[in-house]
Amino acid sequence: MAGKIITVSSGKGGVGKTTSTANLGISLAMLGHRVACIDADIGLRNLDVMMGLENRIVYDLINYIEGRCRLKQALVRDKRFPDLFLMPAAQTRDKNSISVEDMTRVATETAELFDFVLIDSPAGIEHGFRYAVNPADLVLIVTNPEVTAVRDADRVIGLLEAEDWAPAKLVINRFKPELVRRNEMLDADTVVDLLAIDLVGIIPEDEKILSASNRGQPVALDERSPAGLAFRDTARRLTGEDVPIEVHKKQSFFQRLFGTG
Amino acid sequence: MAKTPIILKGTAHGILLKPMTENWDDVLIALERALEDAEDFFRGGRVIMDVENHRLTQEELGAVRATLNRFDIELWAILSEREETVRLARSNGVLTRLPKNTEPHRREEEAPPHQKAIFVQQTLRSGQSLHYPGHITLVGDVNPGAEVIAGGNIIIWGRIRGVAHAGAFGDDQAVICALNLQPSQLRIGSHISRTPDQRRRTIQPEMARVEDDQIVAEPWNKRG
């Protein structure tokens, strides 16, 4: 049976699409699934860096589409999980190098070999977005609790509905409970109420994400990171497991020591 | 001209209009001429426009609708093979598929376009718009960044947080009703108001209308 194709999209840039793709890919692999992450951001590739696989790239997505290599050659094996692969984007080309049909073919063929195929969509609602969501069985909308990000997410969901693309689910990233408490940030209920789609994860803001991305070691690998835990929980929800959504706060030294809280 | 720019013929569902050229000016001229020739025959009817593979623009759609409306004819449905065009048609409140098993169209009962109404059950998301020359009833929300524009009145069974414009052809008597009225902007006829930057106190059904040259909104349960 072919695997599930999940496209990670947002409309707005900088909300954490690539971070989410890398972490959910790793989290699904940690659960024992065979996972391929496809970087669809042709010309602005980042996913390889975040996953720490940049120096292993030989062939990329465009090479495969143009018939210069076989599918498996374009899939870079992860250094930590043998069943996790990355299909990198070409850095030296642009998004017009591939068509909606090309991307759909690559994703469908890849899905034959894996349980999950995650596609990291480019920002925006133009051609790059269109080819990224076309093959999807599910579109994960990543947003931040900010008015601008939510408005763009709403636009994307509207496009998905109008064109009968795949159903959408929501991930709220960079959530800061303290700011919500002080009424300085939209709370999760307000965001979900407006967007009216299922929420599958709330990822708290976590300083470790930045250093983790720079080191190519996504936070999902970090047992102690609240964001890492939230990504792992989100991945479990994507597999159909019923995991209650809660915002994980940073554990204090004593809580960690005594295993409470 | 090698071929006629349009085909116009009566069907069980209504009048079928088929543009035969990409040149929209020719289509409009031919349409106008055909309607003038048989004004009484078409008056009060409705049109199904089959554009096949032509990529219809908002301007083209608007121009056809305007021409038809002048002859008291409704642009009822647009059939297209293109997704963009289907979307465009839907956002203009036009059918994109002929309903199955409909009664043959009876013209005598039809009201003129500005007195007609559509019922839409959908939430309008950012970037989406709903235009209709008559009244609009929408069951759903109008999210920030979305707009509803009606020639007549607007009733929203939901929240308005985007833009609503009633009486878009200049009718200051039009009203806008909503269960929750928090628009970024309201327009009635030629009047414009934006919501006060201060957040509204309680949420309740309200009706907005023009009073003394200003748009006012009052709670539904406190009327008269």
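Letters A, B, ... mirror the listed sequences (proteins, then strands); counts begin at 1. Computed from heavy atoms alone, side chains included, the values below leave out hydrogens, waters and symmetry copies.
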*Please name all residues satisfying side-chain hydrogen bond (donor to acceptor under 3.5 Å, both in side chains) with B/E22, sequence neighbours left out, ordered by chain then number.*
B/H54
_Using a 6.0 Å cut-off, check whether atom CZ of A/R174 has over 12 heavy atoms from anything other than its own residue._
no
*asked:* Using a 4.5 Å heavy-atom cutoff, which residues in residues 172-180 of chain B come close to chain A?
replied: none
*Look at the side chain of B/R125 and the backbone N and O of A/L195, then say whether any donor-acceptor pair between them is shorter than 3.5 Å.*
yes
*asked:* Just to be sure I understand the criterion: a residue of residues 101-127 of chain A counts if one of its heavy atoms is under 4.5 Å from a heavy atom of chain B. Which ones qualify?
replied: none
*Answer yes or no: does atom CZ of B/R55 have more than 12 heavy-atom neighbours from other residues, nucleotides or ligands under 6.0 Å?*
no
*For A/Q91, which residues count as a side-chain hydrogen bond (donor to acceptor under 3.5 Å, both in side chains) partner, sequence neighbours excluded?*
none
*Where is the tightest heavy-atom contact between B/S126 and A/D154, given as atom of each residue plus distance?*
N-OD2, 2.7 Å
_Counting heavy-atom pairs closer than 4.5 Å to chain A, which one of B/R90, B/E83, B/R159 comes out on top?_
B/R159
*Would you sort out whether A/L194 and B/R161 count as a side-chain contact (heavy atoms from CB on, under 4.5 Å), showing the intermediate values?*
CA-CA 10 Å; A/L194 181 92; B/R161 286 187 277 192; 3.1 Å; yes
_Take a 6.0 Å sphere around CD of B/Q214 and say whether it holds more than 12 heavy atoms from other residues, nucleotides or ligands._
no
*Could you tell me the separation between the CZ atom of B/R87 and the CG atom of A/L159, rounded to the nearest 0.5 Å?*
7.0 Å
